[in-house]
Amino acid sequence: MPGEDVGTVKDAGGYVTLNGTEHGLYGGLARSQSTANMPGTAEAGDRFGAQVTVGDHNRDGLWDTAISAPGENAGEPRSGGVWFAPTSTTETYPQGKSLTPYGFALPNGAIGYGEVLGL
């Protein structure tokens with residue numbers, strides 16, 4: 001939902017994870033950068049949720065989520081970001097991690113980082 005407003009913050013974005021089994025869906029969680037344990041703050045134009053992938057990214061047997069926000073820090077020489085949201089059997093919103101050009105010390109020109117995610 002990259003165009004979703006978070007409160008009055010336009011196009012901050014978010015995503016929804018649906019829970020289910022082979023017998024059907026039984027609920028889900030909606031998250032944004034303003035959700036508990038998600039690093040950062042929802043900002044206008046972040047487009048959090050522009051790309052979403054699921055998989056066992058940390059090899060613990062549970063399906064995790066990777067989320068991009070290509071508009072993160074828009075206007076800066078290094079913009080965009082990718083977040084990792086692990087799945088937990090005990091916590092509703094386990095601690096996520098953010099991976100941004102600043103965190104990786106990427107050079108200028110990494111604009112739109114997170115525009116595309118793949119496995």
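Worth knowing before you read on, the calculation uses all heavy atoms, side chains too, and leaves out hydrogens, waters and symmetry mates. A quick note: this is a predicted structure, and the numbers were derived from the prediction, not measured.
Remark: Lys10 NZ to Glu4 CD distance equals 10.5 Å, nearest 0.5 Å. For the atom pair Leu29 CG and Thr35 OG1, the distance stands at 9.0 Å (nearest 0.5 Å). Taking NE2 of His57 as the start and OG1 of Thr65 as the end, the distance is 7.0 Å to the nearest 0.5 Å. Here the straight-line distance linking atom OG of Ser32 with atom CD of Glu43 works out to 11.5 Å at 0.5 Å rounding.
Nearest heavy atom pair, residue Val9 against residue Ala44, reads CG1-N, 3.2 Å. A pairwise comparison of heavy atoms in Asn37 and Pro94 identifies CB-O, 3.6 Å as the closest pair. Nearest heavy-atom pair across Pro86 and Gly96 is CD-CA, 4.2 Å. Closest heavy-atom contact between Gly49 and Pro2: O-CD, 3.7 Å. Nearest heavy-atom pair across Ala36 and Arg31 is O-NH2, 3.3 Å.
Following chains of ILVMFWY side-chain contacts shorter than 4.5 Å, one cannot reach Ile67 starting from Leu18, and the two form parts of different hydrophobic clusters. A continuous path of ILVMFWY side-chain contacts below 4.5 Å connects Trp83 to Val52, so both sit in one hydrophobic cluster.
Between Gln33 and Val6, the closest side-chain pair of non-hydrogen atoms is not below 4.5 Å. With a 4.5 Å cut-off on side-chain heavy atoms, Asp46 and Asp11 do not count as touching. Between Thr17 and Tyr15 there is a side-chain heavy-atom pair separated by less than 4.5 Å. At least one side-chain heavy atom of Met38 sits under 4.5 Å from a side-chain heavy atom of Phe48. Between Asn58 and Asp64 there is a side-chain heavy-atom pair separated by less than 4.5 Å.
A donor-acceptor pair is defined here as one N or O able to donate and one able to accept, closer than 3.5 Å; no such pair exists between the side chain of Asp5 and the backbone of Thr8.
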